[in-house]
Participant: 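Please read through the structure below; I'll follow up with questions.
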There are 2 protein chains.
Amino acid sequence: MTETASAPIGIFDSGVGGLTVMNAIIDRLPHENLIYLGDTARVPYGNRGAETIRRYALNAASLLSTHQIKALVVACNTASAFALDVLRQQLSIPVFGVIQPVARRAADYSETGEIAVLGTRGTIRSNAYQRELLNLQPDLNVHPIACPLLVPLAEEGWLSGSVTDQVLARYLQPLSSTEVDTVILGCTHYPILRDAITGVADGLATPKTTLLDSAKATADAVADSLAETDLLRDDDEPVGSHRFLLTDVPDGFVDTAELFFGRTLDGPCEHVDITDTTPLASPTTSS
Amino acid sequence: MTETASAPIGIFDSGVGGLTVMNAIIDRLPHENLIYLGDTARVPYGNRGAETIRRYALNAASLLSTHQIKALVVACNTASAFALDVLRQQLSIPVFGVIQPVARRAADYSETGEIAVLGTRGTIRSNAYQRELLNLQPDLNVHPIACPLLVPLAEEGWLSGSVTDQVLARYLQPLSSTEVDTVILGCTHYPILRDAITGVADGLATPKTTLLDSAKATADAVADSLAETDLLRDDDEPVGSHRFLLTDVPDGFVDTAELFFGRTLDGPCEHVDITDTTPLASPTTSS
């Protein structure tokens with residue numbers, strides 16, 4: 001195992017939604033040390049301008065770089081859509097987004113060639129999933145659907161029931177005249193609404209639909225890529241440690257965080273300051 | 001008219017909701033020059049920690065102070081709840097919040113002495129309305145109700161219909177066993193949902209309920225106070241000018257903004273940078 005392999009993986013999101021991605025990474029890579037950074041003081045990124053999003057993502061990467069991370073997972077759809085290129089230019093460590101892995105899986109999976117993408121208004125407007133899917137397979141028929149109410153529904157914990165079903169029925173109505181067989185949950189919050197979405201989607205689209213979320217696809221992509229480059233900790237190492245850095249710790253944070261994390265926050269939660277003026281630290285280099 | 005009377009009034013909100021307050025101020029004071037600052041790069045404030053909210057409010061006041069404003073209206077419930085004291089300490093101009101004026105009106109208005117307050121989770125958690133009402137009249141029976149889905153519903157433009165009614169029915173259910181006759185809309189977004197809220201509330205509480213929103217109450221408080229201190233522009237001055245400063249200008253901003261403003265954005269929209277490090281400028285002094 002190289003020295004770099006023992007370094008932590010950094011995971012960054014605008015808020016708590018990225019904890020669904022961290023959860024999937026722990027399932028897949030239990031021996032890795034993980035540092036999560038939630039930019040909770042500036043969440044949500046979805047309705048910010050592109051320049052602002054890139055600046056915020058660079059601030060976050062800069063902060064995580066001071067922890068000598070060996071890889072960065074951008075567990076935020078908005079930052080993945082707008083900032084992945086600039087992060088890859090600025091950092092010499094592997095940088096993973098949440099869009100490409102699940103887009104690849106969806107393109108492989110769909111038999112009808114019709115794929116729906118659910119996301120926040122910002123993610124859908126960015127066309128990031130649409131572009132990624134069409135780059136992979138130009139003849140796909142992609143149905144983007146902006147669902148701005150799903151994040152607050154998820155955060156409210158209204159994971160089932162008639163309000164949730166009616167909101168979903170309204171958003172998913174366009175699927176009724178399609179042959180969509182694959183639905184991408186293009187927001188890190190949506191996996192906790194999976195059952196409700198499945199219920200409504202199955203009643204609408206012609207074939208039975210399969211829901212794919214970016215958390216598991218991203219965790220698999222990270223595991224495969226770090227294994228190839230010999231950057232994983234050995235399996236005989238102890239179970240990895242987890243840290244949670246937050247730019248703001250609002251009241252009720254732990255409850256909301258654990259809803260998305262799907263487990264107890266098993267490490268220290270630390271408040272960190274992040275400023276727009278932080279220069280990007282020297283990138284970690286493979287040794 | 002003093003020199004200071006011709007200076008603009010500054011209006012500050014975390015986002016676009018405060019435009020409902022600006023709209024009411026224009027109705028009441030058409031001759032005033034108004035500068036609106038929306039901290040759209042850092043919206044929403046509601047789920048931030050108290051220290052962060054105070055810092056953001058000071059940043060905003062500092063920026064508006066460079067425009068020689070004669071008064072500051074904090075058209076944001078969260079900032080009114082947490083930052084009014086510190087703003088009044090730091091500025092020598094009159095500072096108005098959105099909580100006290102409508103609380104006073106509600107306490108005067110209610111005959112049963114039972115008042116409901118609807119707000120975001122942050123506003124309700126702050127107890128700001130509850131404290132204000134009980135300071136005014138200690139024997140009031142106050143029913144605070146957190147309604148986190150109403151802001152996204154309003155921003156989505158779902159102002160009526162079965163989803164909105166069901167969400168409201170769920171939030172307002174606690175009113176059914178009360179004698180609430182007065183409902184405070186404790187969030188600047190809620191006035192555009194007024195009809196839907198009235199419809200559901202009237203079916204629940206025993207007496208007919210009256211909805212009071214902070215926009216009109218705040219505009220009246222500003223007008224009365226500035227008139228008393230001879231700080232209003234003369235009525236024979238031309239109609240006032242309006243400027244809109246935004247820390248971020250997201251796609252689709254104008255449509256959302258005009259939904260809340262209730263009129264066309266009748267002045268320039270300018271992007272401004274606001275940073276945490278901006279020191280508070282020398283306060284404007286009455287001359």
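Order of the sequence lines sets the chain letters (A, B, ...), proteins ahead of strands, with each chain counted from 1.
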Participant: Quickly, which of B/Asp165, B/Val167, B/Thr164 forms a side chain to side chain contact (heavy atoms under 4.5 Å, CB included) with A/Val163? Name it, please.
Facilitator: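 In the set B/Asp165, B/Val167, B/Thr164, the residue that makes a side chain to side chain contact (heavy atoms under 4.5 Å, CB included) with A/Val163 is B/Val167.
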
Participant: Among B/Gly122, B/Pro44, B/Ala146, B/Ala169, who wins on heavy-atom pairs under 4.5 Å with chain A?
Facilitator: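 Most heavy-atom pairs within the cutoff with chain A belong to B/Pro44.
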
Participant: Under a 4.5 Å cut-off applied to non-hydrogen side-chain atoms, are A/Ser162 and B/Gln166 in contact?
Facilitator: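 They are in side-chain contact.
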
Participant: Please determine, among A/Arg121, A/Glu156, A/His271, the option with the most heavy-atom pairs under 4.5 Å with chain B.
Facilitator: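 Option with the greatest count: A/Glu156.
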
Participant: Under a 4.5 Å heavy-atom cut-off, does chain A meet the side chain of B/Val43, its backbone, both or neither?
Facilitator: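 B/Val43 touches chain A through backbone and side-chain heavy atoms alike.
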
Participant: Say you draw a straight line from OG1 of A/Thr52 to CG of B/Asp273; how long is it, rounded to the nearest 0.5 Å?
Facilitator: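 Between A/Thr52 OG1 and B/Asp273 CG, I get 8.0 Å after rounding to 0.5 Å.
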
Participant: Is it the side chain or the backbone of B/Thr40 that comes within 4.5 Å of chain A heavy atoms, both, or neither?
Facilitator: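 Contact with chain A is through the backbone of B/Thr40 alone.
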
Participant: Where on B/Arg125 is there a heavy atom nearer than 4.5 Å to chain A: the side chain, the backbone, both, or neither?
Facilitator: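 Interface part for B/Arg125: side chain.
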
Participant: Looking at B/Val249, B/Leu149, B/Thr247, B/Val151, which makes the most heavy-atom pairs under 4.5 Å with chain A?
Facilitator: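 Among the listed options, the one with the most contacts to chain A is B/Leu149.
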
Participant: Taking all non-hydrogen atoms of both residues, which atom of B/Arg48 and which atom of A/Arg42 are closest, and how far apart?
Facilitator: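 Answer, listing the atom of B/Arg48 first, then A/Arg42: NH1-N, 3.6 Å.
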
